[in-house]
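Everything on this sheet refers to the single structure shown next.
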Amino acid sequence: MFLNLQHYPDTAVPTQMLVQNTLPFEEESTVFADLILPVPIPKLFTYRVSRAMSGLIKVGARVIVQFGKNRVITAVVGKLHHTPPANYQAKYVLELLDEEPLVMASQLELFRWMADYYLCTIGEVMNVALPSGLKITSQSKVQFNPDFDYAELLTEEEVGLLEEIKKHKSLSYDEVARLTEGVNVNAVIKSLVGKRAVILFEQVKEKYKPKISRKVRLTESYASAAGVNGLMKELERQPKQQEVLLRYLSFVPVQSNAGLNQKGLEKAAFTQDDNSSNSSLQTLLKNGVFEQFEVTVSRFADLPEAPAAVINLSESQQGAIRQIQDHFQDKEVVLLHGITGSGKTEVYIHMIKQALESGTQVLFLLPEIALTTQIVVRLRKVFGDKMGIYHSKFSDNERVEVWKGIIEGKFQFVVGVRSAVFLPFTNLGLIIVDEEHETSYKQFDPAPRYHARDVAVVMAYMHHGKVVLGSATPSLESYYHAQHGRYGLVEMFERYGDAALPEFLLVDIKEEKKSRKMKNEFSSVMLNYMQYNLEHNEQTILFQNRRGYSPYIQCEECDWIAQCNNCDVSLTYHMKVAELRCHYCGHKEQVPRTCPNCGSPKVKTMGFGTEKIEDELHLIYPNARVQRMDMDTTRAKNAYQQIIQDFENEQIDILVGTQMVSKGLDFGNVSVVGIFDADRMIHFPEFRASERAFQMLTQVSGRAGRRAGKPGKVLIQTHNPGQEILRWVIRNDYRTMYNTEISEREEYNYPPFSRLIKLIVKHTDRDTAQRAATTLAELLLTELGQSRVLGPEPPLVERVRNQYLFNILIKLEREKINFKAVKSFIQEKVTDILTDKTLKNVNVVVDVDSM
DNA sequence: AGCACGCCGACT
DNA sequence: GTCGGCGTGCTC
């Protein structure tokens with residue numbers, strides 16, 4: 001239970017009170033709290049706990065404190081003790097927000113580990129961990145001083161501003177600024193405060209609002225079969241009121257079950273049609289027939305009860321479950337390598353059920369895109385409202401409800417994205433990480449730059465639970481661990497319900513171009529297949545991992561290319577919105593009609609993205625139903641699901657999209673998958689390129705050929721059909737890919753043979769950035785040696801948001817090295833650079849296990 | 001990260 | 001002469 005000791009949002013803490021450091025009317029208590037504050041300062045802050053609060057405060061509860069001169073912020077109690085700080089006077093904890101811990105001891109342990117491992121502060125971890133509905137905003141507000149006597153002389157500006165402030169009860173700085181344009185608000189407010197015309201105060205408000213449902217029910221005297229019958233008679237002369245009563249009874253059959261009345265009916269159920277029923281209801285309320293009441297409802301209340309879904313497991317699924325259980329005898333982690341369509345989900349469901357029955361909690365992690373799909377619907381059918389969903393597209397209130405629901409025991413099982421590892425589990429028996437190879441499990445910005453899969457493994461150790469990592473295309477790291485006995489390995493190579501593997505067709509673009517068979521981006525082969533599909537009402541998925549219309553526009557006369565002002569990249573042309581956009585910083589600008597450099601009107605789009613493919617499809621097949629699915633078309637909360645649903649209902653003939661189309665689309669009618677630009681993925685300048693390309697191509701291919709007895713087709717357009725990666729994809733030969741890649745990784749000492757820490761040095765001035773990076777690299781070399789420090793070198797995109805970047809890569813062997821000591825050495829050197837007086841405003845990002 | 005305090009250029 | 005620019009250093 002979360003008892004708010006104060007009622008928000010109305011609490012205003014006058015500033016004068018905040019400044020006070022001792023409480024006058026009581027003896028000083030000897031309880032001190034070390035608090036985790038949401039700031040990037042690597043230590044806890046010790047505050048004093050008042051005597052009244054000392055019996056109530058608990059580790060993991062949130063408190064409000066004054067931090068600095070004028071800031072009021074929320075903190076979480078990290079530790080309680082009796083040691084007064086030696087060198088300073090501790091301030092008092094102003095308020096206690098939770099009677100019971102909101103952050104569990106197990107979480108604090110995990111958060112400390114994360115801060116330590118990923119080289120950030122526990123405050124930064126806390127900041128990302130808590131849904132913002134549980135954080136508290138502190139905002140300075142201004143208010144007219146009712147005691148102001150106009151004794152001081154005011155300037156014209158001050159009078160104007162004061163008049164505005166007088167009109168309102170209280171205003172934030174922002175609001176004042178909006179009301180009085182063109183005035184230097186901060187300065188004027190400051191002088192008004194000085195003249196005691198206005199008062200400043202800190203308003204703290206809790207953002208989470210429970211959802212309230214307004215309901216009505218029959219008053220006690222009528223809440224029985226006899227009561228209702230009597231009432232019907234009484235109302236014979238009032239047909240409208242009788243109608244309202246009947247309506248109520250149709251939802252809540254009190255005659256047959258009087259107990260149902262207790263729960264009542266939403267008031268909204270009466271008023272949706274017309275106003276007269278509303279007024280009749282008002283009369284009934286007034287006459288004491290009905291009564292109103294309010295209940296706090298869950299935002300997930302409308303979910304169906306779990307039907308006892310029976311799953312028939314295939315031989316291979318049963319075998320997989322047995323093997324997993326065997327491995328769990330002596331291993332914490334099992335890698336489940338199951339090809340697309342092998343039925344991993346049923347295995348998961350079985351494992352989850354078992355864990356739940358044994359009374360432990362279960363966490364099921366999915367990549368963001370997969371979470372919006374059918375798998376959640378399926379899980380919901382099995383687990384009903386015992387399952388919580390934690391998703392970034394959910395509102396804050398919904399996330400707070402999941403958080404609290406776990407603590408209260410309402411959700412024993414949570415399906416969620418990366419950040420679900422922060423939830424308040426106390427007894428995790430099983431964690432499943434599906435699509436464990438997905439790079440989106442690694443958070444890049446802001447700190448903590450954590451990898452949810454790796455965090456999950458650590459979490460499981462802490463909870464003495466188990467982990468299942470699942471993938472059709474495991475990361476080299478996980479497979480390596482499985483090969484070397486650190487993880488158990490279970491493989492499923494049979495397609496469920498004997499769906500055939502797709503047939504592959506490599507289309508040589510060079511050949512097609514030579515014989516002039518290409519129609520823009522489409523090879524004749526692809527056009528033929530699409531044509532066939534349209535004629536036979538079968539669906540096609542086209543994959544191009546690049547959004548927008550074209551990645552750049554260029555002048556034919558002078559070769560000018562539209563570039564971002566803030567980043568060293570070309571601007572992507574988006575046709576629908578008629579804009580050039582930077583995919584790095586979000587900068588937008590108008591599309592020039594003529595070349596800004598030479599004035600020529602011959603500015604052409606170059607290259608192609610999903611939008612161009614969509615556009616050309618409309619031209620080639622005017623009657624086909626084409627839908628695009630990428631970040632631009634799925635921004636709205638339910639847009640993604642809508643597209644999926646339309647596709648499922650076969651209201652879309654051709655779906656063209658980015659990697660979004662590679663996840664969770666399991667539809668029988670997709671007989672062709674077309675892949676553009678496979679070469680770009682394969683040759684991406686990065687050591688994981690081959691692995692990624694293999695994963696991506698395999699995942700997309702898996703969308704085809706899901707209909708039993710009828711293999712689908714996968715068309716890959718490439719300039720080089722002989723590439724070995726394509727061969728591996730076609731043969732579904734993970735092993736060879738793994739063996740080839742792993743020996744390269746070993747040779748060049750890349751993960752899993754080493755750990756990588758990437759340092760990104762940033763500065764607005766290129767020379768300063770380079771100088772800082774070089775200095776830092778030299779400092780690191782002293783202890784780590786030449787072989788472990790690579791760089792600095794500029795990344796592919798040298799400048800982002802007007803910051804020049806230089807990367808230093810540190811490779812550390814996995815064995816025989818004091819990882820902790822090395823990390824604190826790195827931290828130390830980074831701090832040296834940051835505090836170097838000759839290198840001002842340099843920023844360094846430390847990314848442990850960088851991807 | 002904020003936020004206040006402190007020392008040098010363009011205005012009444 | 002003042003306002004106000006943002007550099008620097010601290011926060012229990």
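Lettering follows sequence order; numbering is per chain, from 1. The basis for the numbers below is simple: all heavy atoms, side chains too, and nothing from hydrogens, waters or symmetry mates.
A salt bridge is absent between A:Asp765 and A:Arg771; no separation between the charged side-chain nitrogens and carboxylate oxygens falls under 4.0 Å. Between A:Arg799 and A:Asp568 there is a salt bridge, with a side-chain nitrogen of the basic residue lying less than 4.0 Å from a carboxylate oxygen of the acidic one. Electrostatic pairing of A:Glu686 and A:Arg688 does not count as a salt bridge here, judged by no charged N lying under 4.0 Å from a carboxylate O. Salt bridge status for A:Asp116 with A:Lys820: present, with a side-chain N to carboxylate O gap under 4.0 Å.
The separation between A:Phe45 atom CZ and B:dA1 atom P is 14 Å, rounded to whole Å. Put simply, CZ on A:Arg71 is 11 Å from C1' on C:dC10, counting in whole angstrom units. In this entry the distance linking CD1 of A:Ile41 with C1' of B:dG2 reads 9 Å, nearest Å. The distance from atom CG of A:Asn87 to atom C1' of C:dC10 is 15 Å, rounded to the nearest whole Å.
A:Leu37 comes within contact range of no nucleotide atom at all, as no heavy-atom separation falls under 4.0 Å. Among the atoms of the strands shown, none is found under 4.0 Å from any heavy atom of A:Pro85.
Contact annotation: A:Tyr47 reaches the phosphate of C:dC12 (side-chain N/O to OP1 or OP2, under 4.0 Å). Here A:Lys91 does not reach the OP1 or OP2 of C:dT11: none of its side-chain N or O atoms lies under 4.0 Å away.
Minimum atom distance to the side chain of A:Val39 is reached by B:dA1, of the listed C:dC12, B:dA4, B:dA1.
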Could you write out each protein N or O paired with an N or O of nucleotides 6-9 of chain C at a distance under 3.5 Å?
residue : atom : partner  : partner atom : Å
C:dT8   : OP1  : A:Lys840 : NZ           : 3.3

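Every side-chain contact (heavy atoms from CB on, under 4.5 Å) that A:Leu834 has, sequence neighbours left out, goes to A:Val830, A:Val844.
The side-chain tip of A:Arg449 does not point at the ring of A:Tyr118 from less than 6.0 angstrom away and within 45° of straight on.
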